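Reading through the structure tokens given below for one structure.
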Amino acid sequence: MRKKYIIITGWVISGIGKWVTGACTGFFFAEKHKVVPIKLDGYLNVDPGTMNPKEHGEVFVLSDGAEVDMDFGHYERFLGGKCRGSQSISMGKIFSGIIEKERRGEYLGEDVQMIPHVTDYIVERIEQTFKNSGWDICMIEVWGTVGDIEAELYYEAIRQMRHRKEREDFLHIHLTYVPVPGGVQEQKTKPTQQSVHLLQSRWLFPDIIIARSMDTLEDESRKKIALFSNLREERVFSIPDVSSIYTIPKILKEQKIDRITHGLLGVPFEESAKGELWETILAKPQNKEIQIGIIWKYTALEDSYSSVVEALKHVWHTLGVKVKIVFINTREHDGIEDMKQCDGCIIPWGFGDTAIENMVETLTYIREKKIPCLGICLGMQLMSIEFARNILDIPHANSLEFDKDCAPHDIITLLDSQKGVVNLGGTMRLGEQGSLLKDGIIESLYETSGRATQSNVIYERFRHRYEVHPEFAKKLEWTDLHISGVSQKEGIVQFIEMDNKVHPYYVGTQAHPELTSKLENPGPLFMGLVKACLK
Ligand code: GLN
């Protein structure tokens, strides 16, 4: 099959789900073909890990160690496969690449210009990433909305790409928003019509329009959009507001998007078995309800823990248990009162010393009251500190991150590999690592999920600077809090668990198991947590 391209652009407002559109369109190809998503960002940051987390939510970590926008998490969940850092392209990367080329003398004797040099370089980066992936469908999400100055060069680059490709190899999907103004109570399609004109003035002609709206697009609105966009009505699709993003493939399939997109790209159509599997999982009745507290320390944006929330959703759909998630903010006080309403809890990732003491106090309550708990990265470090202070009688136990003078009680200490590193971008242990599991609760959960190799090795992703001190790890050997997994390479503590005779579920990991959880194969540690809550 010739290489195919799907382009996603958007209009009216941001945040209406260009990634949903991309992920759900790619979803129907992803079973028979490898779909490589590429994101063209307008920001000048070279490394998305340094972007504003309050605006962008969680930093998603790929297996190759790249820190990228959380949309890549959704792409991996919908499209399968593992994305690579090179799929995240920002204007920062483009400009720094151009300047490097210029300094190397690659343009000697030429005036270096936005067009053709920058646009050519954008195309070159896209084509290179696509080629290196070895995959056959490239899905490109263009940042922002049509007309944004920051994205103009991307639009021009896309136009040129389309001009050079065969008609059948290029599919342009345009996502818009159809508002219903308060006093009028009628779907308004004018912004959509205008956005198509905006695209046309850039010589871009969308093949498909997807309209986001509160309720399903009315026939009248669909007709109007089709007429003024020069499209047949069946090429206008509707995504209404839904309670679960996992239902969107079904909604689009009912409108035949799978057949139509295959037809437009000249790809033989086959029904998606994964789509059917998702539908069966989602149809499961949810007869029980539990409440899980996520004990957090950031002030804004629940998106900071987007993958943790998704992982819980995967379990709730799979087990047919409604999981009510409550965010327990411990900046001002401990979370004990809130925990009284919860069946279980998660202590997720985090950086810096804010709210730490309140979280440790809450953990004492959780441990003593035997409330099922999963500690993720920072969460596992805090479980260790709490245990050291209250059970092992090391009252000043701490992490070097929160108190740089806490040695010799730095039971959480700087990784050897990080000592002496000064460049901010280089100070973290990032990406996928293998861990060797010992027999126990964690090992049996991974085995049941089919994720452990025969020799008990499992792979998860990491993003941290600190580790459990190797000397402290030795002390744990004789306690109820066991080390149940270490890294294959360095022997770093990666998993801890409390003996289940002492606590129903007290499990911690230095990894980020939320990043690899999928609806069709939920993260084993989340599965263990919810099952423990049900007991
Ligand atoms: N701040 C801790 C560290 O760097 C934990 C990081 C995390 O939770 N991702 O080790």
Side-chain angles (χ1 to χ4, degrees), residues 308 311 315 344-349 363 366-367 370-388 390-392 397 399 411-413 415 429 432-464 466-517 521-533 535:
V308 172
V315 176
C345 69
I346 292 178
I347 321 268
W349 63 271
L363 264 172
I366 290 164
R367 182 178 50 75
K370 303 194 191 310
I371 300 169
C373 176
L374 170 60
I376 296 174
C377 204
L378 173 78
M380 183 198 93
Q381 298 176 353
L382 297 184
M383 283 170 149
S384 310
I385 292 172
E386 192 282 328
F387 193 77
N390 297 320
I391 304 292
L392 297 182
S399 163
I411 65 137
I412 304 296
T413 196
L415 289 159
R429 178 172 179 252
E432 187 179 273
Q433 305 280 344
S435 306
L436 192 61
L437 298 184
K438 281 190 203 153
D439 288 354
I441 304 166
I442 295 178
E443 181 271 332
S444 95
L445 285 166
Y446 271 91
E447 202 189 318
T448 315
S449 77
R451 289 175 182 230
T453 65
Q454 282 207 324
S455 44
N456 274 355
V457 175
I458 61 108
Y459 294 89
E460 289 290 6
R461 299 179 191 174
F462 292 80
R463 181 176 186 245
H464 66 120
Y466 298 86
E467 63 163 323
V468 174
H469 199 299
E471 288 306 316
F472 176 70
K474 281 184 201 151
K475 288 201 178 114
L476 285 183
E477 296 291 333
W478 312 104
T479 67
D480 292 329
L481 192 62
H482 305 302
I483 294 167
S484 44
V486 293
S487 67
Q488 268 186 307
K489 259 199 230 149
E490 318 91 331
I492 293 173
V493 176
Q494 311 281 54
F495 293 91
I496 57 174
E497 64 185 54
M498 200 164 273
D499 203 312
N500 61 2
K501 289 186 213 85
V502 182
H503 196 290
Y505 194 80
Y506 201 70
V507 161
T509 175
Q510 192 62 75
H512 286 275
E514 71 277 21
L515 303 181
T516 53
S517 181
N521 186 0
L525 300 188
F526 296 91
M527 204 64 157
L529 174 70
V530 173
K531 282 186 176 165
C533 293
K535 278 184 199 157

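If you're wondering where the values come from, they're calculated on a predicted model, not measured in any experiment.
- A 4.5 Å side-chain heavy-atom check between Q433 and Q510 finds every atom pair outside the cut-off.
- Here the side chain of S487 pairs a donor or acceptor atom with the backbone of I492 at under 3.5 angstrom.
- Residues S384 and I412 meet the side-chain proximity criterion, which asks for heavy atoms closer than 4.5 Å.
- Rounded to the nearest 0.5 Å, atoms OH (Y506) and CG (L374) are 11.5 Å apart.
- E471 and K474 are joined by a salt bridge, as a carboxylate oxygen and a charged side-chain nitrogen come within less than 4.0 angstrom of each other.
- Interatomic distance, S455 OG to L436 CG, rounded to the nearest 0.5 Å: 7.0 Å.
- Here the shortest heavy-atom pairing between A473 and V493 reads CB-CG2, 3.7 Å.
- In this structure, the side chains of P513 and F495 stay at 4.5 Å or more apart for every pair of heavy atoms.
- Between the Y466 side chain and the L378 main chain, no donor and acceptor come within less than 3.5 Å of each other.
- H503 has its side chain out of reach of D480: every pair of non-hydrogen atoms, C-beta onward, lies at least 4.5 Å apart.
- Here I347 contributes atom CD1 and C373 contributes atom SG; the two are 4.5 Å apart, rounded to the nearest 0.5 Å.
- The nearest pair of heavy atoms linking H469 to T413 is CD2-CG2, 3.6 Å.
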> Would L437 and E447 satisfy side-chain contact (heavy atoms from CB on, under 4.5 Å), going step by step from the backbone distance to the final call?
Replying inline: CA-CA 10 Å; L437 298 184; E447 202 189 318; over 6 Å; no
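- Note that CG of N456 and CD of E443 are 4.5 Å apart. Values are rounded to the nearest 0.5 Å.
- Looking at every heavy atom in both residues, M383 comes nearest to G375 through CE-N, 3.7 Å.
- Residues F526 and I376 have side chains in contact (heavy-atom distance under 4.5 Å, counting atoms from C-beta outward).
- Here the side chains of V507 and I442 are in contact, with some heavy-atom distance below 4.5 Å.
- Between the S449 side chain and the Y446 main chain, a donor and an acceptor come within less than 3.5 Å of each other.
- For the residue pair L363 and E386, the shortest heavy atom distance occurs at CB-CG, 3.9 Å.
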>> Please determine whether side-chain contact (heavy atoms from CB on, under 4.5 Å) holds for the pair L481 and V502, giving the CA-CA distance in whole Å, both sets of side-chain angles, and the decisive distance to 0.1 Å.
In response: CA-CA 9 Å; L481 192 62; V502 182; over 6 Å; no
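- The shortest non-hydrogen separation linking V457 to Q488 is CG2-NE2, 3.6 Å.
- The two atoms that bring C377 and R463 nearest to each other are SG-O, 3.9 Å, heavy atoms only.
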>> side-chain contact (heavy atoms from CB on, under 4.5 Å), that's the test. Do E467 and R429 meet it? Break it down for me.
In response: CA-CA 10 Å; E467 63 163 323; R429 178 172 179 252; over 6 Å; no
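- Between Y505 and L525 the shortest side-chain heavy-atom distance falls below 4.5 Å.
- The line from CD of Q494 to CD1 of I496 is 11.5 Å long, rounded to the nearest 0.5 Å.
- Put simply, the side chain of H464 does not reach to within 4.5 Å of the side chain of W349, judged on heavy atoms.
- Looking at R451, its side chain does come within 3.5 Å of a backbone N or O of N521 through a donor-acceptor pair.
- For the 3.5 Å distance criterion, the side chains of E497 and S484 qualify, holding a donor opposite an acceptor.
- Going from atom CE of M498 over to atom CZ of R367 covers 6.0 Å, rounded to the nearest 0.5 Å.
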>> What verdict does the side-chain contact (heavy atoms from CB on, under 4.5 Å) test give for L529 and I346, after you've listed the backbone C-alpha separation in whole Å, the side-chain angles of each residue and the deciding distance to 0.1 Å?
In response: CA-CA 9 Å; L529 174 70; I346 292 178; 3.6 Å; yes
